[in-house]
Engineer: 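My structure is below; once you've seen it, I'll send some questions.
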Protein chains: 2
Amino acid sequence: MSDGAQFRQVSPVRLYQRIVEQIEQAIVRGDLKPGQRLPSERELVTQFGASRPTVREALRVLESSGLVRSRPGDPNGPEILPFSPAGLTKEMTRLVQFDNVSMAELISFRMILDGSASLLAARLRSEEELSAMERTIAVMSEAIEAGYAEFSKADMAFHEAVAVASRNSLIEVCNQVVRGAVLSLISDKVAHAGNSTALMRKSLHHHQEVLEAIRLRDGQAAARISRRTLFDYYAGYVPENEQGPLLALVDDEETSTTRP
Amino acid sequence: MSDGAQFRQVSPVRLYQRIVEQIEQAIVRGDLKPGQRLPSERELVTQFGASRPTVREALRVLESSGLVRSRPGDPNGPEILPFSPAGLTKEMTRLVQFDNVSMAELISFRMILDGSASLLAARLRSEEELSAMERTIAVMSEAIEAGYAEFSKADMAFHEAVAVASRNSLIEVCNQVVRGAVLSLISDKVAHAGNSTALMRKSLHHHQEVLEAIRLRDGQAAARISRRTLFDYYAGYVPENEQGPLLALVDDEETSTTRP
DNA sequence: ATGAGCTTACTGGTCAGGCCAGTCACAACG
DNA sequence: CGTTGTGACTGGCCTGACCAGTAAGCTCAT
């Protein structure tokens, strides 16, 4: 056998995959924008030269990825959907369930992401972004009376504002994904025990501390407080013998001793 | 209208979705383990009471998620695949292409993940894990002669060892995903320019520094060096006017001044 | 002229049945 | 005992059909 040539494993490409690729790339390239419609299934059959079941297999795959949506009877054909991280969330949730990722790892990950977002926000924020954060904190304060649902919404608005200031949307998307995974795990155990006013006030106070650190452009402090906040909030759901990694992210005491 | 009842939007559930759910849950529950086989399509048709096209739509969706694989002619039926983060990678890549996530954000994200992994490893490592890391570094050193492919493999082994010591598999999975996304973006521009021995030596040196910090259990230093390493390596691919967020993760000068 | 209601021509969801090429277990053959 | 058919499967793909929706356009009464 010749030593020079390297052969790769070949795998037959299914027809439906070619169709998926073509539509997918058309969307990525921007030829198909969200809101636009795909031709009807029967029209696609003629365009792709494949049978309807094959075209449908492709559409089902695209649909499960959250790229398109078919509605029965819709004369306009399947709709191109705007991008949403829903698919990412699904995959992440699968990862958690499969790879038996522990609660501790999820919380730990959130502490890292949230802390990093706060750190970046503290160092990169503009004045406008700071006041935007201040406004969301004010809304949070008022929302305490309105109940947990409102408070939670305001809370997310704050984190969104922080994410914007951190100049990194990836962090926030991943954070929301992990947050969703955490909630789907603990929702079995507790039905929003965090409904009490006292807890909301405490949470608000934590957020105010983070905001203050961001105002002072003290990235390290903002990160530390963010992590501490999450730890306080979620530590109860983690068995004590698994809290080590979490504490490792909270204890920053060595910070002042490591630099020359 | 009654004020008490809350109604959610309903959406008709397709037959193929029910099938997907059932198989998916069977896998998640562990009733179906990787390597095991699903009944043949025609057998599934009788079990689910649906037609073959419908069953096939379900299988295509599961296949595109990386859960099962069908091979033509295989008398054992579709195979349950071991979990792989391939689906996550695909979704993440989509996110990058769609949401026009910039190169700077990707690098920034890797700096955060890699730095956090090093920090946790430094604080949580056991002696065995430390020596495991030392071994991979030794392999890296030897692999420089063997070329970039070998070196890259050894590099990944080191990061794997760090990930194990950090007690958090999520970080590593996400890191690999982002790493893949980055490589798929810059592979267009450069065909592995990092092939030179000099670059490998430099990379090895950086890794040794990280290892030393982990040995000393100095989490902050390990994190800082990790981020710096990545910055040095990738900064060239980021336009100068977008390097701000990256520098914000490298400059830890304020560290020693923020603690009372 | 204008609005309400019906008709109709589509849509996607689902099914039954069939053909083909590939794979593999196994039996017949050398 | 090894080789070689061979046949009973597999999945990939197709045709054609029926049904329940949707919505546009038409009709008709106001």
Side-chain angles (χ1 to χ4, degrees), chain A residues 7-24 26-27 32 34-82, chain B residues 7-24 26-27 32 34-82:
Chain A
F7 296 112
R8 291 176 308 170
Q9 182 113 13
V10 299
S11 63
V13 179
R14 314 296 163 58
L15 224 46
Y16 86 92
Q17 286 180 326
R18 315 294 288 257
I19 300 180
V20 168
E21 285 170 17
Q22 284 199 42
I23 299 182
E24 207 169 8
I27 297 179
L32 293 171
Q36 284 189 0
R37 300 310 186 97
L38 240 40
S40 75
E41 291 183 0
R42 290 170 176 84
E43 173 63 25
L44 290 173
V45 164
T46 73
Q47 288 194 23
F48 284 113
S51 71
R52 194 144 97 95
T54 302
V55 168
R56 280 177 62 79
E57 286 178 15
L59 287 176
R60 294 295 82 79
V61 170
L62 291 169
E63 197 166 10
S64 82
S65 301
L67 288 179
V68 306
R69 179 183 45 186
S70 300
R71 243 183 356 137
D74 189 335
N76 299 319
E79 180 183 2
I80 310 288
L81 294 179
Chain B
F7 296 112
R8 289 177 310 171
Q9 182 116 10
V10 298
S11 62
V13 180
R14 317 290 163 62
L15 225 45
Y16 86 93
Q17 285 181 327
R18 315 295 288 256
I19 299 179
V20 168
E21 285 171 16
Q22 283 198 42
I23 298 181
E24 206 169 9
I27 296 178
L32 293 172
Q36 284 189 1
R37 301 309 185 97
L38 242 39
S40 75
E41 290 183 2
R42 290 171 176 84
E43 173 64 24
L44 289 173
V45 164
T46 73
Q47 286 194 24
F48 283 113
S51 71
R52 195 143 97 94
T54 303
V55 168
R56 280 177 62 80
E57 286 178 16
L59 286 177
R60 292 297 83 79
V61 169
L62 291 169
E63 197 167 10
S64 82
S65 302
L67 289 179
V68 306
R69 177 182 48 187
S70 298
R71 251 186 344 142
D74 189 336
N76 299 318
E79 180 182 2
I80 310 287
L81 295 179

Engineer: Using a strict 4.0 Å threshold on nitrogen-to-oxygen distance, state whether B:E57 and B:R60 make a salt bridge.
Structural biologist: no
Engineer: Round to a whole Å and report the spacing from CD1 of A:I19 to C1' of D:dC14.
Structural biologist: 13 Å
Engineer: Taking only the side-chain nitrogens and oxygens of A:S70, find out if one of them lies under 4.0 Å from OP1 or OP2 of C:dG12.
Structural biologist: no
Engineer: More 5' along DNA chain D: B:P78 or A:A50, using each one's nearest nucleotide?
Structural biologist: B:P78
Engineer: Rounding to a whole Å, what distance do you find between A:L62:CG and C:dG12:P?
Structural biologist: 14 Å
Engineer: Classify the nucleic acid contact of A:R52 as base, sugar-phosphate or nothing, counting any heavy atom under 4.0 Å across all strands shown.
Structural biologist: base
Engineer: Under 4.0 Å between any heavy atoms, over every strand shown, what does B:L15 touch: base, sugar-phosphate, or nothing? Just pick one.
Structural biologist: sugar-phosphate
Engineer: Using OP1 and OP2 only, check whether a side-chain N or O of B:R14 sits under 4.0 Å from C:dG13.
Structural biologist: yes
Engineer: Describe the nucleic acid contact of B:R42 in one word from base, sugar-phosphate, nothing, applying a heavy-atom distance below 4.0 Å.
Structural biologist: base
Engineer: Run the side chain to side chain contact (heavy atoms under 4.5 Å, CB included) test on B:L38 and B:L59 for me, step by step, so that the C-alpha distance in whole Å, both residues' side-chain angles and the decisive distance to 0.1 Å come before the verdict.
Structural biologist: CA-CA 10 Å; B:L38 242 39; B:L59 286 177; 4.0 Å; yes
Engineer: Tell me: CG of A:L44 to P of D:dC14, nearest whole Å?
Structural biologist: 14 Å
Engineer: For A:P53, answer base if it contacts any base atom (sugar-phosphate contacts may also be present), sugar-phosphate if it contacts only those atoms, and nothing otherwise; contact means non-hydrogen atoms under 4.0 Å.
Structural biologist: base
Engineer: Taking atom P of C:dG12 as reference, at what distance in whole Å does atom CZ of A:R69 sit?
Structural biologist: 14 Å
Engineer: Under 4.0 Å from OP1 or OP2 of D:dG12: is there any side-chain N or O of B:R56 that close?
Structural biologist: yes
Engineer: Rounded to whole angstrom units, what separation is found between the CD atom of B:E43 and the C1' atom of D:dG11?
Structural biologist: 15 Å
Engineer: Take the protein atom CG of B:N76 and the nucleotide atom C1' of D:dT10, then report the distance between them rounded to whole Å.
Structural biologist: 10 Å
Engineer: For C:dC24, does either OP1 or OP2 sit under 4.0 Å from a side-chain N or O belonging to B:R71?
Structural biologist: yes
Engineer: Should the heavy atoms of other residues, nucleotides or ligands under 6.0 Å from CZ of B:R37 be counted, would the total exceed 12?
Structural biologist: yes
Engineer: Look at the side-chain N and O atoms of A:R60 and state whether any lies under 4.0 Å from the OP1 or OP2 oxygen of C:dT14.
Structural biologist: no
Engineer: Report the distance from atom CD of B:Q17 to atom C1' of C:dG12, rounded to the nearest whole Å.
Structural biologist: 13 Å
Engineer: Write down the distance between CD (A:E63) and P (C:dG12), rounded to a whole number of angstrom.
Structural biologist: 11 Å
Engineer: Where each residue is assigned the nucleotide of DNA chain D containing its nearest heavy atom, which of A:S51 and A:D74 is assigned the position nearer the 5′ end?
Structural biologist: A:S51
Engineer: Please find the pair of heavy atoms, one from B:R18 and one from B:V13, that lie closest to each other, and give the distance.
Structural biologist: CD-CG1, 3.1 Å
Engineer: If you measure from the Lys or Arg side-chain nitrogens to the Asp or Glu carboxylate oxygens, is any gap between A:R56 and A:E41 under 4.0 Å?
Structural biologist: yes
Engineer: Indicate whether OP1 or OP2 belonging to C:dC15 is found under 4.0 Å from a side-chain N or O atom of B:T54.
Structural biologist: yes
